[in-house]
Number of protein chains: 4
Amino acid sequence: MVDLAGIFPPLVTPFKNEELALDMLKNNVQRYQTFALRGYVVLGSNGERVMLNEKESLQVIETVAENAGENKLVIFGAGEESVQGTVRFLKNAARVGGQAALLITPHYYRSQMKPEVIFNFYTQVAEASPVPIVIYNVPANTGLEVPLEVVTRLAEHPNIIGMKDSSGNLTYQQSILGRNLPNFQLLTGTANTLMSSLVVGAVGGILALANILPAQCIQIYEWVKAGEFEKARHLQLQIVPLNKMITAIFGIGGLKFAMNHLGLQGGETRSPLPAPDEPARKNILGELQRLGITSV
Amino acid sequence: MVDLAGIFPPLVTPFKNEELALDMLKNNVQRYQTFALRGYVVLGSNGERVMLNEKESLQVIETVAENAGENKLVIFGAGEESVQGTVRFLKNAARVGGQAALLITPHYYRSQMKPEVIFNFYTQVAEASPVPIVIYNVPANTGLEVPLEVVTRLAEHPNIIGMKDSSGNLTYQQSILGRNLPNFQLLTGTANTLMSSLVVGAVGGILALANILPAQCIQIYEWVKAGEFEKARHLQLQIVPLNKMITAIFGIGGLKFAMNHLGLQGGETRSPLPAPDEPARKNILGELQRLGITSV
Amino acid sequence: MVDLAGIFPPLVTPFKNEELALDMLKNNVQRYQTFALRGYVVLGSNGERVMLNEKESLQVIETVAENAGENKLVIFGAGEESVQGTVRFLKNAARVGGQAALLITPHYYRSQMKPEVIFNFYTQVAEASPVPIVIYNVPANTGLEVPLEVVTRLAEHPNIIGMKDSSGNLTYQQSILGRNLPNFQLLTGTANTLMSSLVVGAVGGILALANILPAQCIQIYEWVKAGEFEKARHLQLQIVPLNKMITAIFGIGGLKFAMNHLGLQGGETRSPLPAPDEPARKNILGELQRLGITSV
Amino acid sequence: MVDLAGIFPPLVTPFKNEELALDMLKNNVQRYQTFALRGYVVLGSNGERVMLNEKESLQVIETVAENAGENKLVIFGAGEESVQGTVRFLKNAARVGGQAALLITPHYYRSQMKPEVIFNFYTQVAEASPVPIVIYNVPANTGLEVPLEVVTRLAEHPNIIGMKDSSGNLTYQQSILGRNLPNFQLLTGTANTLMSSLVVGAVGGILALANILPAQCIQIYEWVKAGEFEKARHLQLQIVPLNKMITAIFGIGGLKFAMNHLGLQGGETRSPLPAPDEPARKNILGELQRLGITSV
């Protein structure tokens with residue numbers, strides 16, 4: 001059983017003049033090695049997976065796998081609209097070092113994605129996958145939510161080990177946790193609910209914010225585990241505004257700008273994803289200053 | 001300064017053959033007196049405020065105010081679409097014993113409810129109100145959310161003392177709490193997030209579920225305050241399914257059915273609000289049984 | 001059988017310093033008498049029905065009924081959340097001259113408004129109503145749509161004569177029209193689809209725009225009836241931008257401003273409904289000028 | 001200037017045991033040659049573009065281009081999330097016979113798709129594209145709408161020749177048509193609004209329904225052009241229920257089932273897209289029977 005407990009940054013994929021910059025990615029991973037992270041997610045939503053072709057995707061996984069260091073789990077984002085394409089990619093990804101797949105729901109044909117269709121998709125992929133599957137629920141991108149009954153049934157599959165929920169919906173998360181699904185681990189997908197999700201039973205988080213504030217994300221995680229709730233609460237409330245900026249408000253361009261400012265190598269986004277404009281940059285810098293963060 | 005810390009049931013308004021049944025309401029309040037509730041909310045969404053005419057509304061407030069007992073705060077739901085109508089009602093409500101107003105946002109002209117319009121509405125009403133105001137954010141009913149900047153500005157008004165947030169959105173709640181607004185108290189409006197909201201700084205809750213599980217709601221509140229998080233978590237996860245049934249799924253008809261089953265006097269809803277059908281009743285009874293709840 | 005074929009303006013309710021200005025309303029109706037309108041709608045969404053108390057509402061109906069002139073149908077907006085309150089109002093409205101009721105769906109408890117509940121509401125009200133009922137579907141305000149199957153079943157009721165659909169959704173309208181419901185007339189509720197709706201079989205429209213451009217709305221109606229499609233198309237495309245301004249964009253405040261500018265007496269809105277700001281006023285005046293409209 | 005006036009079926013892509021069945025596709029195109037269609041759209045939403053890899057996509061374009069016959073325009077669906085990937089595909093598609101690109105908006109990072117970002121995407125792709133571009137607005141799949149101002153600005157680009165709008169929103173379509181954009185042609189993307197859209201100025205349609213009712217779709221088109229509105233209206237109202245079934249309700253699986261029933265070769269969908277279940281099949285057959293359609 002793969003243990004998912006802890007904090008993962010969903011690594012950004014740096015570009016330079018529209019081209020993949022693997023050296024920058026490698027550099028970032030090496031910088032993160034000093035932190036007590038559980039591992040890395042590559043090719044998640046923050047990793048611009050949908051901007052890459054398959055060859056590039058595999059290079060990204062391979063680069064991170066080679067530099068991750070021991071005991072760091074390398075989860076890779078996946079999920080084409082078809083079962084066939086998804087399985088093919090999973091096999092290739094496993095070959096270059098991917099250890100578990102974060103599998104998004106198909107969603108282009110949203111109105112056709114009935115519960116049974118979603119169940120079938122995950123089951124067929126899990127049957128064929130060489131690596132364990134983590135369900136990825138991200139309504140802001142997909143426009144749909146994996147239904148609770150589907151999660152419950154999928155949790156019984158031996159090759160489905162957990163779920164990343166980026167909805168920020170505590171009712172949804174608690175509905176899953178309350179079922180006490182054996183061998184099924186829940187990760188929050190947003191730092192906005194890091195403390196709340198941990199308190200009700202999530203085992204960790206895959207957090208965009210952990211790209212720039214790894215120490216603080218880990219600190220909240222450890223304080224909650226240690227029962228230091230007042231400390232955790234104080235820090236948690238402090239990070240929400242910055243997290244909103246680098247996710248919902250300014251997006252990946254904002255996150256990469258913050259990384260570059262803090263001495264990491266976020267690089268650029270691939271077009272048409274925008275870079276933050278001057279007021280956006282000011283807002284992000286102001287928030288970093290308020291938090292006293294000057295480097296990673 | 002009125003202290004809002006604690007648990008409030010938003011009392012249902014019992015009907016019998018479409019007519020107000022004040023004796024049943026009185027009976028319920030008397031039953032609740034044995035619990036360490038902070039007070040009562042009358043004429044909230046669960047109180048079918050929108051089904052009553054003004055005369056009936058005032059009778060409901062008066063009945064609860066007369067039977068509330070000492071030290072129980074009586075908050076009443078209010079909020080017409082116009083400032084004028086709202087103020088008139090607030091004055092009448094205060095005269096019959098209402099101690100604070102839970103004030104919903106105007107929402108019929110949703111597309112016109114720009115931040116400045118919402119700000120003006122609350123400010124104008126607060127200026128004229130004989131009782132303190134609690135902002136009521138309930139997107140499921142109104143289709144809109146009180147913007148954060150508006151909350152921040154309204155919090156400075158001396159006659160606006162807090163907010164009930166029924167969105168269940170922890171990001172929103174933390175964004176408010178992180179601003180450390182002085183003399184501004186946040187109540188969660190759903191038992192789904194009772195523990196999470198308390199953990200990040202809410203002072204209590206106005207909870208439909210407290211109509212039927214007052215002891216358990218109070219227990220979670222007290223465990224969180226005492227730092228007994230593991231106990232709180234266990235109970236919190238248990239109550240979510242029942243809470244969803246008597247709110248989002250089966251609504252007030254479901255809540256009243258559960259009350260009647262547990263020895264309270266929920267009575268009937270007013271048409272066209274439906275009573276639960278046979279499968280719904282079975283679901284509710286099954287959930288009560290699973291929780292071992294047989295009476296209040 | 002009441003004939004609904006033609007154009008109706010949903011009359012605004014003028015206020016002056018927050019108070020009802022019935023003289024201004026009377027003046028407007030008298031001005032409209034020179035146009036070949038089918039009748040008037042009072043207390044619709046544009047009539048700020050939700051801003052009025054019952055006494056004021058009845059005064060508005062009475063004022064219009066007394067000044068409507070022969071052969072003009074006076075439809076009044078209605079629809080409380082409860083059957084009881086709705087029926088009581090309908091009886092009072094009929095007494096002061098209201099000839100048909102435009103009946104909005106209950107919507108505060110949106111998640112409970114299942115098809116059967118909506119069906120029951122309309123049926124119970126229609127049974128008790130002294131005047132014929134027009135179903136009012138207005139998702140932008142209510143957040144819900146009257147389901148097609150419910151419309152089909154309601155159309156069989158002898159006291160339900162038609163529907164105003166403000167969704168602008170031609171698929172929905174054609175789905176109703178394709179069923180050839182006998183004695184059931186469809187009115188479009190937005191000038192945005194006036195021509196399209198007429199072309200597929202609507203009998204007319206209740207149009208905010210008809211408050212300021214009655215001649216043009218009637219002209220499109222008559223051209224479509226006469227088979228002058230090219231002329232109708234040209235005018236129809238011209239009016240859409242102005243119609244969007246005085247409905248979705250600037251709302252009733254915008255509409256009243258335009259009326260005042262054109263020599264009618266729109267008066268003011270009741271708080272908190274906003275008046276248009278300077279840029280909004282410029283936009284409206286620019287659009288009126290582009291259309292060459294200087295008075296009504 | 002490429003003329004888009006007329007009816008296009010967005011061809012389905014037949015699969016057999018999950019594999020591309022190009023012979024079936026070829027067969028369908030040959031069957032369609034007897035109809036006065038303006039051309040074909042391949043790899044649209046109905047063509048399961050997102051289920052294919054690039055090699056398969058190019059085979060599909062090539063197969064249709066080789067069999068389309070003279071004077072039939074071959075438009076191909078395109079639009080990756082990145083400019084780079086999109087341009088590369090367009091060049092390859094043009095090489096195998098694609099004559100114009102139907103270009104969907106990037107949408108995975110919905111919250112980042114601000115007007116300027118969408119404008120930049122289309123402009124950069126149009127600059128580099130060897131074939132003319134048709135903007136594809138399909139909110140049901142993308143969760144976003146191309147803003148009117150963006151359409152207006154894009155319409156000035158010499159390599160952007162028009163738009164397919166699948167929103168069914170007549171207000172949106174008329175807002176575009178009312179601007180009289182030179183050299184910019186609007187196609188409706190749903191048979192639900194075929195007549196309405198044509199009446200207000202659209203030049204034709206790309207219609208899933210034209211896969212199974214090509215004669216009827218062409219008939220409506222020609223009747224509207226000939227001013228035979230009453231005939232057009234009658235047929236238009238008849239087709240809406242079937243069109244809803246093979247689009248919003250049962251999706252591509254439903255459409256393929258209907259094709260197979262009518263003697264075409266729809267084949268199967270690729271997993272996880274579902275085939276219609278027994279009740280769905282009955283509904284579709286019932287609707288075909290009601291319309292008297294037994295073959296294509």
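Here is the naming used below: chain letters follow the sequence lines, and residue numbers restart at 1 for every chain.
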Under 4.5 Å from any heavy atom of chain C - which part of D/L148: side chain
Which atom of D/K244 lies closest to which atom of C/S175, heavy atoms considered: NZ-OG, 2.9 Å
Which atom of D/S196 lies closest to which atom of C/L170, heavy atoms considered: OG-CD1, 3.6 Å
Over 12 foreign heavy atoms within 6.0 Å of CD, D/E278: yes
Enclosure of D/K114 NZ (heavy-atom neighbours >12, cutoff 6.0 Å): yes
Distance in Å, [X] [atom1] paired with [Y] [atom2], rounded so as to fall on 0.5 Å steps:
X: D/T193; Y: C/Q173; atom1: OG1; atom2: CD; result: 12.0 Å
X: C/N169; Y: D/N169; atom1: CG; atom2: CG; result: 8.5 Å
X: C/N243; Y: D/T171; atom1: CG; atom2: OG1; result: 8.0 Å

Working for side-chain contact (heavy atoms from CB on, under 4.5 Å), residues C/V199 and D/M195: CA-CA 9 Å; C/V199 162; D/M195 181 180 186; 3.3 Å; yes
Side chain / backbone / both / neither for C/L194 at chain D, heavy atoms under 4.5 Å: neither
Engaged part of C/V200 at the chain D interface, taking heavy atoms whose separation is under 4.5 Å: both
Side-chain donor or acceptor of C/Q174 paired with backbone N/O of D/N192 under 3.5 Å: yes
